Amino acid sequence: MLDKTYRPSEVENRHYLAWEASHAFRAEVTSNKRPYVIMMPPANVTGSLHVGHAFTFTLQDILIRFHRMRGRDALWQPGTDHAGIATQMVVERRLEAEGTTRDRLGREAFLKRVWDWKGQSGGTILRQLRRLGASADWSRERFTMDEGLSLAVRKVFVELYKEGLIYRDKRLVNWDPKLHTAISDLEVQSREIKGKIWYLKYPIEGESGRTITVATTRPETMLGDSGVAVHPDDRRYKELVGRHALLPLVGRRLKIVADLHADPEEGSGAVKITPAHDVSDFEVGRRHGLELINIFDRDARLNDNVPPAYRGLSREAARAKVVADLTALGLVERVEDHLLMLPYGDRSGVVIEPWLTDQWYVDAKTLAAPAIEAVRSGRTRIVPRQWEAVYFEWMNNIQPWCVSRQIWWGHQVPAWYGPDGKTFVEMTEDAAKRAAALHYGHEVELKRDEDVLDTWFSSALWPFSTLGWPEKTAELARYYPGDVLVTGFDILFFWVARMMMMGIHFMDDVPFRDVYIHGLVRDERGHKMSKSKGNILDPVDLIDSYGCDALRFTLAATVAEGRDLKLSESRVEGYRNFCTKLWNAARFCEMNGCRPAPGFAPAAAKETINLWIVSELAEAGRKVALALEEYKYNEAAQALYRFTWNLFCDWYIEFAKPILMGTDEAARRETQATAAWVLDQLLHYLHPLMPFITEELHEQLGGRPGARLITAPWPAPGDELVNPEARDEINWVVRVIAEIRSVRAEMNVPPKAELPVEMRGAGQETLKRLERNHGLIERLAQVSVKQRGRTAPAKGSVQVLIGEAT
RNA sequence: GGGCGCGUAGCUCAGUGGGAGAGCACUACGUUGACAUCGUAGGGGUCGCAAGUUCAAUCCUUGCCGCGCCCACCA
């Protein structure tokens, strides 16, 4: 006998362990089933499960469970990501608390600390994922820095280098002065800042008293100026082109050049050029052979290339002093308020400094071309489609990808330098030494590149590195490419685009057929969840309070394609109630002897209500399958919800009551069998969304011993189950009953008072006791209801007249 | 500056060229033997504004207003 209410906490863990123990999550390389593959985005080892994870992983698990039931060999490949900068920051913070630093520890000891820390806390998120019911193949769990994946990273790096698609270059990078590393363009966030713009007067060489005015939002960078640019057609400055200005405070001669970069409409029309500290100035400088003067150190403090008075100052202090000194000299023409966009490091939160350094770059433009074509030709489909435009836009304008990072935690760049700086990029140090010996004609000492690679470099290989590449494994042959990648739009560029590039280049095929892009989870008012706002919903708390299935169903039901998801606890509570409703419907069936009847043929039922519910179930099942095939989770959830609550519970069970308690033995047996059959099928359909409660009910309601819903086949509803006649009849009865209830409420008929119902015409015997248990009679004819001049649903000749209350 | 998306019931949002919907909230009634984590009934919307296409527009087109996000080296 089922308990009175469903208690998730008492069943979830038990079923999860049983699933794992029975290897229900395992993909079988030797299976003759068609594979179905989803690469789980590797979770950050430093992380714990937040509601965004719960969302994306629920969507993935639904697909995996659905296709597993549909007879596919499902592989959901799990793992974790070393998350270079993020993890290193966490460990450094811990060191700081201990009063030491990574520099003091040294590279080797520091890395040991990170590995230790990864060992103790790295599994947290994957453990929490199990609470979500995630049916990933844990036996295949990988880590981006495990041996195999590290090998793949080196191999990719070496091959791309030898193909000329990875190279070392000196250019301006996004330098994070706090983390002391370069970061990629994607790791920079622009924020609008209310700043100022200074109009500075630079004296013209050889003409005392004459000046040229330049405008700048960063006056401190003037210490690194090496030129002034004006537009070639700008009459105001035409005659100054080719002459020189004198840089105040420094005394450097600045060549005045004509360049299209200078916009006569902007500022004063003349631009100071600081080639070493501004991306566009860098280009201007290159065009005119201007000197690159680096004035910052790695902390973004002024270095020895500026006059002594400014050395060692921070950017902020330098600005104040430069402005003060120029003001004192009368060289500040004016200052205006100005809105500007400033680049911030997305990890450190400090202003990024364009800084001239040597870094490793991936030729993304070359790799992007076939990745663009793959989407254009439909070999990979992006859902919803609107994201294709975003993908194309970014890929078409892609810049070289800076992949080297000046941190320690990560894959060290497999490059070695000879005594003269000659570079050897090889899989191993030995190979590099051999190459060097060959080159120099004798053995030499090599120095390894200190940098590590961008975390996303290894993530980009995930779809094939996890399957054993570069070995030609059976897994690789069978599970590449994957069927779908499910992820948020926030990592479309970071990850999806790069997997496309690497996958196509090294596997000669796209890494996945579909990309399903979803929104982000926000709070109920649409704000981003953050600790500081205190609006965080913890998925584990929600699971504890309402059960895993309630959370999963909420997430699935609330997805709006191409939109962010606003999650509120009341919503989860509502779907917890849905679980209870389902549970109690099952309890009713159990109490009324509804057990699966061997050989039961639903389409051959005699009772209209039975034919009807079977038909409605078939429609619902179809809708669910169709919806899930197209990633329309909310439609699947809605179809299930409506069928379960509004049809099965609200009407079918009520219709069934008089039959189950009546004297017609045959009708009762048929109804018992139907109810049991429908419920069992429904559990199948619900399972991908609500795995625990369905498994529990399936077990308790006498599925065959040992039979697990998770591996049960998905029932494909046959055409013979669909019965439009039964559907029309019951729909009509439902409308009549609703009408009578409405009239009754309007007339204020007391609950227990009889409401005389008079029927005229053929088939009047078909409606009796419509109130209360609204017992349904075998054959329902066409009836109309009239009361106080109202016309109710009418079909044919039968009339139902409702009298005054007695 | 470019691109994308959104404005439908108090709130969160589905939805469709021809009847305006769901959940929550609200009101009234109800201790019916599955369920009060429930049931029945009910109130509430000029579907952002304007014009156009159409026999017909919440839905298609254009413009406007408001909101959000992404991308971008303009001083």
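To find a chain, count down the sequence lines: A is the first, B the second, and so on, and within it residues start at 1. Note that the structure is a prediction, hence the values are computed from the model and not measured.
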Rounded to whole Å, CZ of A/Phe588 lies from C1' of B/U32 at a distance of 12 Å
From OH of A/Tyr575 across to C1' of B/U12 the rounded distance in Å is 11 Å
Mind listing the side-chain donor-acceptor pairs of residues 275-285 of chain A below 3.5 Å, one per line with the distance, residues two or more places apart or on another chain?
residue  : atom : partner  : partner atom : Å
A/His277 : ND1  : A/Pro354 : O            : 3.3
A/His277 : NE2  : A/Asn294 : OD1          : 3.3
A/His277 : NE2  : A/Ile295 : N            : 2.9
A/Asp278 : OD1  : A/Ser280 : N            : 2.9
A/Asp278 : OD1  : A/Ser280 : OG           : 2.8
A/Asp278 : OD1  : A/Asp281 : N            : 3.0
A/Asp281 : OD2  : A/Thr274 : N            : 2.7

In numerical order, the residues of residues 217-233 of chain A whose heavy atoms come under 4.0 Å of RNA chain B are A/Thr217
The answer to which of A/Phe489 and A/Ala585 contacts RNA chain B further toward the 5' end, by nearest nucleotide, is A/Ala585
Here the salt bridge (Lys or Arg N to Asp or Glu O under 4.0 Å) pairs for residues 221-232 of chain A, sequence neighbours left out, are A/Asp225-A/Lys272
Among the nucleotides B/G5, B/G33, B/C73, whichever has the atom closest to the side chain of A/Gln386 is B/G5
Per atom distances to the A/Lys566 side chain, the nearest of B/A34, B/C13, B/C71 is B/C13
Those residues at least two apart in sequence (or on a different chain) that pass side-chain hydrogen bond (donor to acceptor under 3.5 Å, both in side chains) with A/Asn396 are none
Whole-Å distance, A/Asn397 CG to B/C70 C1', equals 13 Å
dist A/Leu628:CG -> A/Glu635:CD (nearest 0.5 Å) comes out at 10.0 Å
A/Asp564 CG to B/C70 P, in whole Å, measures 10 Å
Residues at least two apart in sequence or cross-chain that pass salt bridge (Lys or Arg N to Asp or Glu O under 4.0 Å) with A/Glu630, listed by chain then number, are A/Arg381
When A/Leu565 and A/Val271 are each assigned the nearest nucleotide of RNA chain B, the 5'-most assignment goes to A/Leu565
Applying side chain to side chain contact (heavy atoms under 4.5 Å, CB included) to A/Val11 and not counting sequence neighbours gives A/Tyr6, A/Arg14, A/His15, A/Glu696
note: A/Asn174, atom CG; B/A72, atom P; distance rounded to Å ~ 10 Å
Looking for any heavy atom pair under 4.0 Å, which part of the strands does A/Ala262 touch: base, sugar-phosphate only, or nothing? base
From NZ of A/Lys272 across to P of B/C73 the rounded distance in Å is 18 Å
With sequence neighbours left out, the residues meeting side-chain hydrogen bond (donor to acceptor under 3.5 Å, both in side chains) with A/Tyr631 are A/Asp514
The side-chain hydrogen bond (donor to acceptor under 3.5 Å, both in side chains) partners of A/Asp234 (sequence neighbours excluded) come to A/Arg236
* To do: Establish, for the pair A/Arg498 and A/Phe493, whether the NZ or CZ atom is under 6.0 angstrom from the six-membered ring centre and no further than 45 degrees off its axis.
  => no
query: When all nucleic acid strands are considered with a 4.0 Å heavy-atom cut-off, which category describes A/Cys649: base, sugar-phosphate, or nothing?
result: base
Residue set satisfying ring-ring contact (aromatic ring centres under 6.0 Å, His included) with A/Phe578, at least two apart, ordered chain then number -> A/Phe553, A/Tyr641
When you measure from the centre of the six-membered ring of A/Tyr546, is the NZ or CZ of A/Arg576 under 6.0 Å away and within 45° of the axis?
-> no
Identify the pairs formed between an N or O of the protein and an N or O of nucleotides 36-40 of chain B at a distance under 3.5 Å, and give each distance.
residue : atom : partner  : partner atom : Å
B/U37   : O4'  : A/Asn577 : OD1          : 3.3
B/U37   : O2   : A/Arg576 : NE           : 2.8
B/U37   : O2   : A/Thr580 : OG1          : 2.5
B/C38   : OP1  : A/Asn577 : ND2          : 2.9
B/C38   : O3'  : A/Lys581 : NZ           : 3.2
B/G39   : OP1  : A/Lys581 : NZ           : 3.2
B/G39   : OP1  : A/Trp645 : NE1          : 2.5

Applying the Watson-Crick and G-U criteria (both distances under 3.5 angstrom) with [ ] for crossing and | for other-strand pairs, one obtains for RNA chain B (((((((..((((....[..)))).(((((.......))))).....(((((..]....))))))))))))....
A/Met591 atom CE is separated from B/G33 atom C1', nearest whole Å, by 6 Å
A/Ser570 has its side chain closest, among B/C24, B/C35, B/C73, to B/C24
The side-chain hydrogen bond (donor to acceptor under 3.5 Å, both in side chains) partners of A/Tyr575 (sequence neighbours excluded) come to none
